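What follows is a single structure, written as structure tokens, with notes after it.
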Number of protein chains: 2
Amino acid sequence: MSRVDQAYARLVEALRAQTDLADALHLLEWDQETVLPAGAAERRARQIGTLAAALHERRTDPAFLTLVDELAAISAELDPSQAVDVRETKWHVDRARCLDPELVRERSTLHAQARGIWVTARRDNDFAALAPWLGRVIDTERRVATAIDQRRPAYDVLLEEFEPGMSAASLDALFQELRTGLQPLVDRIQRKANRRHRGAEALCGAFPVNAQRRFNKLVADRLGFDFNKGRLDEAAHPFTTTVGDDVRITTRYDRRDLRYGLYATIHETGHALYEQGLDPGAWGTPRGSACSFGIHESQSRLWENQVGRSEAFWTHLLPAARKAFPALAGRSLGDVLLAVNDAGPSLIRTEADEITYNLHIILRFDIERSLIDGSLEVAALPQVWREKMRHYLGVEPETDRDGVLQDVHWPGGSIGYFPSYALGNVYAAQLFKAAEAEIGPLDAALAAGEFTVLLGWLRQRIHRFGQTYRPVELITLATGETPTARPLLDHLERRIAFLEST
Amino acid sequence: MSRVDQAYARLVEALRAQTDLADALHLLEWDQETVLPAGAAERRARQIGTLAAALHERRTDPAFLTLVDELAAISAELDPSQAVDVRETKWHVDRARCLDPELVRERSTLHAQARGIWVTARRDNDFAALAPWLGRVIDTERRVATAIDQRRPAYDVLLEEFEPGMSAASLDALFQELRTGLQPLVDRIQRKANRRHRGAEALCGAFPVNAQRRFNKLVADRLGFDFNKGRLDEAAHPFTTTVGDDVRITTRYDRRDLRYGLYATIHETGHALYEQGLDPGAWGTPRGSACSFGIHESQSRLWENQVGRSEAFWTHLLPAARKAFPALAGRSLGDVLLAVNDAGPSLIRTEADEITYNLHIILRFDIERSLIDGSLEVAALPQVWREKMRHYLGVEPETDRDGVLQDVHWPGGSIGYFPSYALGNVYAAQLFKAAEAEIGPLDAALAAGEFTVLLGWLRQRIHRFGQTYRPVELITLATGETPTARPLLDHLERRIAFLEST
């Protein structure tokens, strides 16, 4: 082996040892959310803290940093795939080394504390209790951004943690296009608001949890989820995590509404299919890791929305659903499609429909950017939230609990995270359109339960690349266009036309 | 805080950080045995290896070793409980530092390989395939013993890993007493061998697994297991593990034999009650950790045998069992007692009854001691095994699979482990006798389902001390006698008298 190859092999081995520790951390967290006995929560938090610190130590170990720098200095001698791993590792390492260990510790303690405060503040509808903590979080994130790169806008630096290479300016342009296109659609939804819940009851009724467990497994399996290297369990807040090559999805069931668990399962299956589609030969390296939060979300949204709410999908699924649930006797395909495409302005992001969801995100993007650049004070948040909700969605929360206090992201220190959700929607529509442009209309395949055609295309165009390309480049390569809201708007327009036609 | 207290506080914090990592390791292992998808096994093994190496690094970190040495040097200034923690930590640290890291790595690789070879050798009944590996294991364990203390017999040094302070000579004396007392009991069992299975069918029939799950939970709960800080799950080979303050037991079910799962559950509950009874204020330190393998086994055996096979216990449990399982209709208390006390010479240790079990262990002790001191060659093992089985139990395996190949312990490198099982039986009988001597006969309480009297006594006399005392001292303090086989022999004599009377 050449000297360069040897150094690269050492990098891979170091990254894989870090990944092993990260995987142990993921398992501690998965276990905490699924099966941990209540009395063991406190010690679990400590175990997670200790392991996270051990991992951080490895990631900032001087010998490791030197190895990365040495490889970066000779990047011209690396082959292209080695160069990707060195480039991305160096990027992460350079961000991490800018942060004083004291700031890292202070920041993670602050986030843990503020999350705790948020739980009670939301319960008590007490924004004033959270406000000083939010102020501290904003201030700390500004310090973090400055430490990493003081020449660029702080928000851009934070955003890149979730969407590398994306700037607030380009996001602004994209969201402008999205917002402009969405407004007339929202107006149309509002006009038919009185008819909103007409179809909603088609998937409501008696859905025993054990039958749902079997049915949701069947759905994940049919979509292509590999249960030989994965599990489906239950958690209060559904999530997907990867423990090595073992991808675990979680969902939760409502015994009176099939949609509640099913769409969580499909969404998480989308995340899982991405993880299971990464290059196993590149595990532990950037090439074997997901590209960005936005790209990850595009995979969950594509299966949830483009596929899971389509007539073709339900043409395939309804017979199996009828067999699993006597409550569905007499429900027509049309009834079910109304139930899963029901739309209308609402207060809570996580309960929003496919159309209005994006406005919930744009609102948060506007606000968090202003908080970081200092043009908005924390104290003004509840008022601004209400005004923007009225402006974008025509509804206004009566309480902060249903307003600015609804999400954990800001108290948890995730500033720059929210845009990923809308980016995921934008990318998903763009990818689905590109897939159909390349392989032809997918309706017949989806209606026949042949999901591998679409999955194969995603594996080929997205999954196998890992972090070989940054998100914008990846989307451009896969779809022939830079990120654009047009396909999403077209998709939503068709949804509304369907609702209006019923 | 004084300088001494500060140093001690640093020790505790270091031990607790090590415990956090060990707990993460326990969770990786628990998950592997209970819920891990098949395809993820290889990566899981790697994760465990990486975390074990990280833990070993902490435990042999020069700064940590120096701290331990410094505290040991000023042990006269420590308060008694601090002195216990320093004494025991120093003992473990001194053993660990004697071992060259190369030897540690070589040893653990060898054990992993030999375990793999053993699986196929047992399946194929091919002792010759395992023999060279066993030779290497024996040789390596001798080197380990010599590195730790070359002045003492190698077997003594190995034994102490499992039973600190115990020597082969004192074990020999104890096992001599046990063997002499057991021989006439085994003869009596053999004489009634033709009647052996008379009662065995009382707990055989249709026992649906879901009903067993509920019933086994109920049993663990009644015995005092705290489900707020613990779980009961299923694994092919039942075990108990502790993840922080979260104690997890596992069992496995046979849908045609209630005993199979139930006695595994009671046994593991015994281990778990010990773990849950350790001093929570001393967690992570020797004072908050189990005393030895033998003491641990005494807790599982006491609940399994002294309690779980008694008339009093079944007087309490039978109504609940009848309610849970229609198959028990018409089964009398006497039938059930015959079924759970069924005895007779057999080939497989893990399936042996309460009486003959101890001879299986004494046989293994004889052999492993001779292997280590060089008086027995690996090649002679199958022959020696058969001779000893005939001599002790009057039965002889037709295959090595049912003979010397049946246990994983030796290929897995656990030499000196087997005696813990018989020590557990000896200690259990001694403790139960002492408990009755102190609080009076327990039959009425057990028959009424009041297990807290006995559990309270064990907590007071055994659990709360952790490693404050070495095993022999702990047993002597709790029972007023040094370890003796007499109470176990008396207990088994009563069992046989019961069997003979039916």
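A, B, ... follow the sequence lines: proteins, then strands. Residue 1 opens every chain. Note that the coordinates shown come from a computational prediction; the quantities given were computed from them, not determined experimentally.
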Report the residues that fulfil ring-ring contact (aromatic ring centres under 6.0 Å, His included) with A:Phe239, sequence neighbours left out, ordered by chain and then residue number. none
Carboxylate-amine/guanidinium proximity below 4.0 Å for B:Arg105 and B:Glu102: yes
Residues B:Gln276 and B:His463: side-chain donor-acceptor under 3.5 angstrom: no
Do NZ/NE/NH1/NH2 and the carboxylate oxygens of A:Arg59 and A:Asp61 come within less than 4.0 Å? no
Ordered numerically, the heavy-atom neighbours of chain A under 4.5 Å found in residues 18-32 of chain B are B:Thr19, B:Asp20, B:Leu21, B:Asp23, B:Ala24, B:Leu27, B:Leu28, B:Trp30, B:Asp31
Flag yes if more than 12 heavy atoms outside A:Glu42 fall under 6.0 Å of its CD atom; otherwise flag no. no
For B:His296, check side chain to side chain contact (heavy atoms under 4.5 Å, CB included) against everything at least two apart and list the hits. B:His271, B:Tyr274, B:Glu275, B:Ala290
Any residues in residues 217-225 of chain B near chain A, with a heavy-atom distance under 4.5 Å, and which are they? none
What's the verdict on side-chain hydrogen bond (donor to acceptor under 3.5 Å, both in side chains) for B:Thr240 and B:Glu268, showing C-alpha distance, side-chain angles and the deciding distance? CA-CA 6 Å; B:Thr240 297; B:Glu268 300 304 331; 2.6 Å; yes
When you measure from the side chain of A:Asn228 to the backbone N and O of B:Gly39, does any donor-acceptor pair fall under 3.5 Å? yes
So, the part of B:Val247 with a heavy atom under 4.5 Å from chain A: the answer is neither
Below 4.5 Å from any heavy atom of chain A, which atoms of B:Leu36 appear? Answer side chain, backbone, both or neither. both
Will you find, in the side chains of B:Asp5 and B:Gln82, an N or O donor that is under 3.5 Å from an N or O acceptor? yes
Any heavy-atom pair between the side chains of A:Leu262 and A:Phe215 that's under 4.5 Å? yes
Quick test of your reading of the model: are A:Arg464 and A:Asp279 salt-bridged, counting only N-O distances below 4.0 Å? no
Heaviest contributor of heavy-atom pairs below 4.5 Å to chain B, chosen from A:Ala41, A:Ala53, A:Gly230, A:Gly49, is A:Gly230
Whether the B:Thr250 and B:Glu234 side chains hold a donor-acceptor pair (N or O, under 3.5 Å, no angle test) is what I'd like checked. no
Between B:Arg46, B:Gln47, B:Arg58, B:Lys229, the one whose heavy-atom pairs under 4.5 Å with chain A are most numerous: B:Arg46
As an exercise: rank B:Arg231, B:Arg43, B:Arg44 by heavy-atom pairs under 4.5 Å with chain A and give me the winner. B:Arg43
